[in-house]
Amino acid sequence: MPVVTGAELEDRVGAGWRPFRTEVAALPEDAFDMVTSSGWTIREMLAHVAFWEETVAPFVEGMLRGRDWPDQAEWHGGGGFDGTDGWPHADVHNAREAAWARTHSVAEVLARWDRAHARCLAAVGGLSDAELADARFIDEVKMQTYGHYPEHLAEMRAAASGNG
């Protein structure tokens, strides 16, 4: 029996994302280079959020369904991960994504995040009941999306208000 339905999981991800994305859209262009409490700029933090959303669909294919991981160029904006040496520590991914963001415009970072979110929703919406019965997977999706957004929304708010 599923832990949640695909529609419920999509709703959770979307409900967590919408307020974050709405506030990001309201930021003035110069706010994206403000430094957050984590030491990232808002732009770098958003590339980080995009990357973790991008991992949901490959996680479904590679870990849940046992298929080959998609080529990295197809699912994230950074480089340096080909899946052959195991999954690097989160700090490796986070540093790579911050570096990626520094070389891309705010519009490109936001477009990437929007694409990542759409792919994430499609991936969770396409899960079978058997896949939705895997509580570990549901926890992973939560950690990479709707459980992750509030932390970074608060971080962004603080930085944008000058309290980063």
* **Pi-cation contact, Trp100 with Arg112 (under 6.0 Å, within 45°)** => yes
* To the nearest 0.5 Å, how far apart are OH in Tyr149 and CD in Glu23? -> 14.5 Å
* To do: List the atom of Arg96, the atom of Phe51, and the distance in Å for their closest heavy-atom pair.
  => NH2-CE1, 3.1 Å
* Structure fact -> Value for CZ (Arg157) from CG (Leu153), rounded to nearest 0.5 Å, stands at 3.5 Å
* Asked: To the nearest 0.5 Å, what is the distance between CZ (Arg119) and OG1 (Thr55)?
  -> 11.0 Å
* Structure fact -> Here the salt bridge (Lys or Arg N to Asp or Glu O under 4.0 Å) pairs for residues 25-51, sequence neighbours left out, are Asp33-Arg43, Glu44-Arg102
* **Atom pair CD1/CD of Ile42 and Glu155 - distance to nearest 0.5 Å** => 8.5 Å
* Carefully, step by step, assess Phe32 and Leu27 under the rule side-chain contact (heavy atoms from CB on, under 4.5 Å). => CA-CA 8 Å; Phe32 290 90; Leu27 290 175; 3.8 Å; yes
* Give me the one residue out of His48, Glu108, Glu54, Glu53 that meets side chain to side chain donor-acceptor pair (under 3.5 Å) with Trp113. => Glu53
* Asked: Which residues pass the salt bridge (charged side-chain N to carboxylate O under 4.0 Å, His left out) test with Asp114, sequence neighbours left out?
  -> Arg21
* Contact summary for Val56 and Val141, nearest pair of heavy atoms -> CG1-CG2, 4.3 Å
* Asked: Backbone N or O of Phe137 within a donor-acceptor pair of the Glu140 side chain at under 3.5 Å?
  -> no
* To do: Please round to the nearest 0.5 Å and tell me the distance separating atom NE2 of His152 and atom OG of Ser38.
  => 7.0 Å
